[in-house]
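Letters A, B, ... are given to chains in the order of the sequence lines, protein chains preceding strands, and every chain is numbered from 1. The structure presented is a predicted model; accordingly, all values stated were derived computationally and were not measured.
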2 protein chains.
Amino acid sequence: MSEREVLEVYLRERGQKMTSPRETVLDAFLKLERHVTAEELLAAARRIDPGIGQATVFRTIKLLAEAGLAREACPDDGARRFEHAYRHEHHDHLVCVECGAVVEFKDEAIERAQQAVYRRHGYAPSGHRMELLGLCPDCAKASKRK
Amino acid sequence: MSEREVLEVYLRERGQKMTSPRETVLDAFLKLERHVTAEELLAAARRIDPGIGQATVFRTIKLLAEAGLAREACPDDGARRFEHAYRHEHHDHLVCVECGAVVEFKDEAIERAQQAVYRRHGYAPSGHRMELLGLCPDCAKASKRK
DNA sequence: GTTAAATATGATATTGATAATCATTATCTA
DNA sequence: TAGATAATGATTATCAATATCATATTTAAC
Ligand SMILES: [Mn+2]
Ligand SMILES: [Mn+2]
Ligand SMILES: [Zn+2]
Ligand SMILES: [Zn+2]
C-alpha cells in the first residue's frame with residue numbers, strides 16, 4: 001500500500017476527505033528525508049503549491065502522525081520535529097550536544113530490557129521515546145585541541 | 001553540602017548573587033516532591049512570598065538546573081517539568097498514556113546497553129532521556145470492561 | 001557603616017509555536 | 001449534479017518562555 005493509500009484509508013474510515021492540499025503536504029513530507037519542523041514542511045509544501053496555508057500544514061502533519069505515516073521525534077529545541085514512520089523501522093537517536101549531529105540506532109538489548117520493564121510493572125507497551133545525549137567524536141577532538 | 005550551599009557556590013563561581021527571591025524559589029522547589037512546571041513552582045513560591053515574579057521563577061529554575069539541583073523531565077504536555085536532581089539517583093519514567101500515572105525506575109540492563117551504544121559510535125555520554133509509554137494496569141482493566 | 005559598581009527583580013511587552021475561529025470553498029455521496 | 005459535510009486559509013487567540021527596562025538588592029571596596 002502506498003503512503004497515499006494509507007492516508008486515504010485512514011480518512012475514509014472516519015468520514016474525512018482526501019484533498020489536494022493534504023496531498024501536497026504529504027508529497028512534500030515524503031520528499032524530505034529527515035526530521036522536519038512544521039515550518040520547514042510549510043516551506044517545502046509552498047514550493048509545490050504557494051497557496052498552502054500554515055494552519056493546513058499543522059493540521060495535516062498531525063493527521064499523518066495519527067495515520068501512522070509520521071512520527072514525532074523528541075524536540076531538541078522549541079519546535080516539534082517529525083520523521084517518516086511508514087515502512088521505516090523504529091529507531092532511537094544519539095545526539096551530539098555540541099553540533100547536533102544525529103545518529104539513528106536500534107539496540108535489541110535495550111528494546112528487550114524495555115519490554116521487561118513493562119512486564120515488571122504490568123503496563124501494556126505503546127511506544128517509547130529515548131534520546132541519548134553526548135559529544136560526537138569530532139566535537140570531542142575539537143574541544144580537546146581547545 | 002546543602003542544596004543552598006550548592007547554589008551559593010555555583011553563583012559565586014560566576015560572579016552572580018544569592019538573593020532572597022532565589023532562596024524562596026529554591027525552598028519552594030525542595031518542598032515539592034515531584035515533577036513540577038514553572039507555573040506550579042510560581043504558585044508554591046508565592047505561598048512563601050507573594051511578591052515573587054514569574055520571570056524570576058523561570059530564571060531561577062533554569063539556574064537550579066545548571067547548578068545540578070534540578071533536572072528537566074521530558075514534557076508530556078506543553079510545559080517543561082523539573083524534578084530534584086541533587087542527591088537523587090538518576091532514573092527514567094514509565095508513563096500511562098491514559099491517566100498519566102508515572103512510575104520511576106532504573107534498569108541496569110538498559111543503562112549498560114546505553115553505554116555500549118555510546119562506545120559503539122564513539123560518543124562521550126552526557127545524559128539521556130527515556131520515557132516508556134503504555135497503559136497502566138488500572139486503565140487496561142477499565143478499558144477492557146468497556 | 002557608607003558607597004559605588006554590578007547584578008537581580010518584577011511589571012510589562014514580545015516572541016514563537018501551535019490551536020481556535022469563521023466565512024468561503026472543495027469534496028464526496030447519493 | 002446537488003446537497004450535505006468537511007476542509008481551507010486568513011486571522012485571531014493562547015500559552016509557555018524570553019526580552020526589556022526602570023528600580024531595587026547585593027557585594028566588595030573604602
Ligand atoms: Mn530518526
Ligand atoms: Mn522522576
Ligand atoms: Zn558534535
Ligand atoms: Zn493509567
Chemist: Calculate the interatomic distance between I61(B) atom CD1 and dA17(D) atom P; express it in whole Å.
Modeler: 11 Å
Chemist: Calculate the interatomic distance between F82(B) atom CZ and dA16(D) atom C1'; express it in whole Å.
Modeler: 11 Å
Chemist: Which value, rounded to the nearest 0.5 Å, describes the distance between L94(A) atom CG and D92(A) atom CG?
Modeler: 10.5 Å
Chemist: Side chains of H35(B) and E104(B): do they bring a donor and an acceptor to under 3.5 Å?
Modeler: yes
Chemist: Rounded to the nearest angstrom, tell me the gap between atom CG in L63(B) and atom P in dA17(D).
Modeler: 16 Å
Chemist: Quick check for you: to the nearest 0.5 Å, what is the distance between F29(B) atom CZ and T24(B) atom OG1?
Modeler: 15.0 Å
Chemist: Do any of residues 20-30 of chain B sit with a heavy atom less than 4.0 Å from DNA chain C, and if so which?
Modeler: P21(B), R22(B)
Chemist: Would you classify R59(A) as touching base, sugar-phosphate or nothing, given that sugar-phosphate means primed atoms plus P, OP1 and OP2, and contacts are heavy atoms under 4.0 Å?
Modeler: base
Chemist: Compare side-chain N and O positions of R80(B) against OP1 and OP2 of dT18(D) and report whether any pair is under 4.0 Å apart.
Modeler: yes
Chemist: Just compare dT27(C), dG10(C), dA11(C) and give me whichever is closest to any side-chain atom of R46(B).
Modeler: dA11(C)
Chemist: Side-chain N or O of Q54(B) versus OP1/OP2 of dG10(C): is the shortest distance under 4.0 Å?
Modeler: no
Chemist: Atom OH in Y86(B), atom CE in M1(B): separation rounded to 0.5 Å?
Modeler: 4.5 Å
Chemist: Any side-chain N or O of T56(B) less than 4.0 Å from the OP1 or OP2 oxygen of dA8(C)?
Modeler: no
Chemist: Nearest whole angstrom, please: distance from the C1' of dA11(C) to the CZ of F58(B).
Modeler: 15 Å
Chemist: Nearest whole Å is fine: how far is dA26(C) P from D49(A) CG?
Modeler: 12 Å
Chemist: State whether Y10(B) and R14(B) meet the cation-pi test: NZ (Lys) or CZ (Arg) under 6.0 Å from the six-membered ring centroid, and within 45° of the perpendicular axis.
Modeler: yes
Chemist: To the nearest angstrom, how far is R12(B) atom CZ from dT26(D) atom C1'?
Modeler: 13 Å
Chemist: Please pick, from dT27(D), dC28(C), dA19(C), the nucleotide with the shortest atom-to-atom distance to any side-chain atom of M18(B).
Modeler: dT27(D)
Chemist: Atom CZ of R81(A) and atom P of dA17(C): how far apart are they, to the nearest Å?
Modeler: 11 Å
Chemist: Under a plain distance cut-off of 3.5 Å, with no hydrogens placed, do E83(B) and H91(B) share a side-chain donor-acceptor pair?
Modeler: yes
Chemist: Taking for each residue the nucleotide of DNA chain C bearing the nearest heavy atom, is the 5' side occupied by T19(B) or by T37(A)?
Modeler: T19(B)
Chemist: Provide, to the nearest angstrom, the distance between the CG atom belonging to L42(B) and the P atom belonging to dA16(D).
Modeler: 11 Å
Chemist: Is the distance between the ring centroids of F105(B) and H93(B) under 6.0 Å?
Modeler: no
Chemist: Check this one for me: any side-chain N or O of K62(A) less than 4.0 Å away from OP1 or OP2 of dT18(C)?
Modeler: no
Chemist: Taking atom types as they are modelled, is there a donor-acceptor pair under 3.5 Å from the base of dT5(D) to the side chain of K17(A)?
Modeler: yes
